Number of protein chains: 2
Amino acid sequence: MSQKPASSDRPPEALRLDNQLCFALYGAANRMTRLYRPMLDALGLTYPQYLAMLVLWEASPRTVGALGDALDLDSSTLTPLLKRLEAGGLVERHRDPDDERRVIVALTDKGRALRDQAETIPEKLFCALDMPLEAVGTLRERLKTLAK
Amino acid sequence: MSQKPASSDRPPEALRLDNQLCFALYGAANRMTRLYRPMLDALGLTYPQYLAMLVLWEASPRTVGALGDALDLDSSTLTPLLKRLEAGGLVERHRDPDDERRVIVALTDKGRALRDQAETIPEKLFCALDMPLEAVGTLRERLKTLAK
DNA sequence: AACGATTTAATCGTGCGCGATATAAATGCA
DNA sequence: TGCATTTATATCGCGCACGATTAAATCGTT
């Protein structure tokens with residue numbers, strides 16, 4: 001009954017899009033960005049900018065390097081992003097006098113104030129997800145350790 | 001003992017980066033792309049190009065719209081990507097004679113042949129993940145339904 | 001003090017994602 | 001038939017991600 005698949009029977013299961021963790025992750029990440037977009041538009045932030053602001057709301061000032069460590073991004077991504085946040089008046093950037101290689105990124109009053117508007121976002125997003133709180137936590141922790 | 005957090009005690013738990021499903025997803029997706037990159041470089045493909053090829057290896061030819069449905073991308077993303085695949089000789093694009101609005105994307109012999117080289121990728125990636133097969137499947141299915 | 005190695009950030013080019021818009025073909029319907 | 005509407009793809013601009021490179025400051029060793 002069973003038969004060894006000939007070359008023409010490919011793709012094998014392993015290459016089917018449906019079986020790819022990578023595609024599930026890719027699609028979920030794209031959909032998540034779309035879910036945030038309308039809320040972040042109201043704050044004048046993009047999705048990666050929002051993540052950078054989360055880091056700064058926890059601790060400001062921070063060096064570019066420290067931000068990069070927290071977000072797992074390097075300066076070629078962060079520098080232009082931070083310049084846009086600076087242009088929007090949310091942060092200030094200046095060289096560290098103690099080590100001129102470093103650039104210190106600090107929230108402005110406007111940047112700190114934006115946190116108040118952001119506070120409603122997690123709740124709204126949780127509702128949009130329509131998923132038990134515990135399941136969200138489980139998934140989040142699983143993703144944190146994925147490929148790391 | 002307990003105290004109501006004052007305004008200065010923010011950010012509240014809800015805004016902490018550690019608690020964000022969106023950031024876990026963002027980071028995992030970035031890391032996944034990095035994990036694939038060396039393998040895909042060998043095939044001359046980017047990560048989204050690889051996903052498009054997976055779709056075509058399952059069924060070619062397909063219209064741009066059908067590819068977009070499968071990948072959840074629209075023509076503004078796909079058209080340039082497909083032009084690059086065409087420039088690389090992996091696909092051909094031509095208008096559907098039965099409906100001149102549609103563009104049909106078909107694998108070339110070279111595009112079909114690339115599948116042989118791609119076949120080793122899922123196994124290599126699974127090893128790199130270092131995660132039980134069942135856990136990969138569970139995570140994948142969970143992600144498929146996330147925010148959809 | 002000198003000088004090579006390391007660290008830190010910026011710059012540049014390429015390829016996504018996607019909103020907004022454009023264009024052309026097909027369809028609906030009065 | 002004629003014309004508005006809908007559908008399918010393409011175009012354009014912006015903001016990431018990231019590899020490769022550059023430039024400057026600091027560190028370590030002698």
Side-chain angles (χ1 to χ4, degrees), chain A residues 22-23 25-38 40-41 44-53 61-69 71-88 90-91 93-105, chain B residues 22-23 25-38 40-41 44-53 61-69 71-88 90-91 93-105:
Chain A
C22 71
F23 177 60
L25 196 53
Y26 170 85
N30 285 345
R31 291 192 301 275
M32 187 64 76
T33 310
R34 289 174 207 153
L35 209 53
Y36 270 93
R37 190 181 305 277
L40 295 181
D41 280 350
L45 292 175
T46 66
Y47 185 70
Q49 285 168 13
Y50 172 68
L51 298 176
M53 291 301 287
R62 311 262 282 234
T63 65
V64 172
L67 279 166
D69 288 345
L71 296 168
D72 196 9
L73 294 172
D74 72 16
S75 71
S76 58
T77 298
L78 274 178
T79 297
L81 185 154
L82 293 170
K83 283 184 175 180
R84 284 183 282 269
L85 290 180
E86 189 178 37
L90 300 177
V91 306
R93 300 180 320 129
H94 52 79
R95 292 274 165 188
D96 182 348
D98 293 343
D99 183 344
E100 293 278 350
R101 290 172 304 182
R102 298 184 203 273
V103 166
I104 294 177
V105 181
Chain B
C22 71
F23 177 61
L25 196 53
Y26 169 85
N30 285 345
R31 292 193 302 275
M32 188 65 76
T33 309
R34 289 173 206 153
L35 209 54
Y36 271 93
R37 190 180 306 274
L40 295 181
D41 280 350
L45 292 175
T46 66
Y47 185 71
Q49 285 168 13
Y50 172 68
L51 297 177
M53 291 300 287
R62 310 263 282 235
T63 64
V64 171
L67 279 166
D69 288 344
L71 295 169
D72 195 11
L73 294 173
D74 75 5
S75 72
S76 59
T77 299
L78 275 177
T79 297
L81 184 153
L82 293 170
K83 282 184 175 180
R84 284 184 282 269
L85 289 181
E86 188 178 36
L90 300 177
V91 307
R93 299 181 318 128
H94 52 79
R95 291 275 164 186
D96 182 348
D98 293 342
D99 183 342
E100 293 279 349
R101 290 172 305 183
R102 298 184 205 274
V103 166
I104 293 176
V105 181

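Computed from a prediction, not measured in an experiment: that's the story for all the values here. In what follows, chains are A, B, ... by sequence order, proteins preceding strands, each numbered from 1.
Considering only side-chain N and O atoms, B:Y26 lies under 4.0 angstrom from the phosphate OP1 or OP2 of D:dA17. The phosphate of D:dT9 has neither OP1 nor OP2 within less than 4.0 Å of any side-chain N or O from B:R95. Residue A:Q49 places none of its side-chain N or O atoms closer than 4.0 Å to OP1 or OP2 of D:dG15. Using a 4.0 Å cut-off, some side-chain N or O of B:R34 falls inside it from OP1 or OP2 of D:dC18. Taking only side-chain nitrogens and oxygens, B:R101 never comes nearer than 4.0 Å to OP1 or OP2 of D:dT7.
The interatomic distance linking B:E86 (CD) with D:dT9 (P) rounds to 14 Å, in whole Å. If you take CE of B:M32 and P of D:dA17, they are 16 Å apart, rounded to a whole angstrom. Between B:L67 atom CG and D:dA10 atom P the separation is 11 Å, expressed in whole Å. Straight-line distance from the CZ atom of B:R31 to the P atom of D:dC18: 11 Å, rounded to whole Å. Atom CG in B:D69 sits roughly 10 Å away from atom P in D:dT9 (whole-Å rounding). In this structure, B:D74 atom CG and D:dA8 atom C1' are separated by 12 Å, rounded to whole Å. In this structure, B:Y36 places its OH atom 19 Å from C1' of D:dC18, rounding to the nearest Å. Spacing between atom NE2 of B:H94 and atom C1' of D:dA8 amounts to 16 Å, rounded to whole angstrom units.
Chain A approaches DNA chain C over the interval C:dT7 to C:dG19, counting the first and last nucleotide 5' to 3' with an atom under 4.0 Å from its heavy atoms.
Closest non-hydrogen pair, B:P61 versus B:I104, comes out as CB-CG2, 3.4 Å. Among all heavy-atom pairs drawn from A:A28 and B:L25, the shortest one is O-CD2, 3.6 Å. The heavy-atom pair separating A:A52 from A:L67 by the smallest distance is O-CD2, 4.3 Å. Nearest heavy atom pair, residue B:E100 against residue B:P97, reads OE2-CA, 4.0 Å.
Heavy atoms of B:S75 sit under 4.0 angstrom from at least one base atom. Residue A:L81 is classed as a sugar-phosphate contact, given heavy-atom separations below 4.0 Å to backbone atoms only. Heavy atoms of B:T33 sit nowhere under 4.0 angstrom from any nucleic acid atom.
Both A:E100 and B:L82 sit near DNA chain D, but only B:L82 has its closest nucleotide nearer the 5' end. Two residues, A:D98 and A:Y47, neighbour DNA chain D, and the one matched to the more 5' nucleotide by heavy-atom proximity is A:Y47. The residue among B:T46 and A:D99 whose nearest nucleotide of DNA chain C lies closer to the 5′ end is A:D99.
A donor-acceptor pair is defined here as one N or O able to donate and one able to accept, closer than 3.5 Å; no such pair exists between the side chain of B:Y26 and the backbone of A:L51. Using modelled atom types, one side-chain atom of A:R95 and one backbone atom of A:R101 make a donor-acceptor pair closer than 3.5 Å.
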* Verdict with supporting geometry, A:N30 and B:D72, side chain to side chain contact (heavy atoms under 4.5 Å, CB included) -> CA-CA 9 Å; A:N30 285 345; B:D72 195 11; 5.7 Å; no

* Apply the test side chain to side chain contact (heavy atoms under 4.5 Å, CB included) to residues A:L82 and A:V103: give CA-CA distance (whole Å), side-chain angles for both, the deciding distance (0.1 Å), then the verdict. => CA-CA 11 Å; A:L82 293 170; A:V103 166; over 6 Å; no

* **Worked verdict on B:M53 versus B:L85 for side chain to side chain contact (heavy atoms under 4.5 Å, CB included)** => CA-CA 9 Å; B:M53 291 300 287; B:L85 289 181; 4.0 Å; yes

* **side chain to side chain contact (heavy atoms under 4.5 Å, CB included) between B:L78 and B:V105, intermediate numbers included** => CA-CA 11 Å; B:L78 275 177; B:V105 181; over 6 Å; no

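With D:dG15, D:dA17, D:dA25 as the candidates, the nucleotide lying closest to the side chain of A:P48 is D:dA17.
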Interface polar pairs with nucleotides 12-14 of chain D, N/O, under 3.5 angstrom:
none

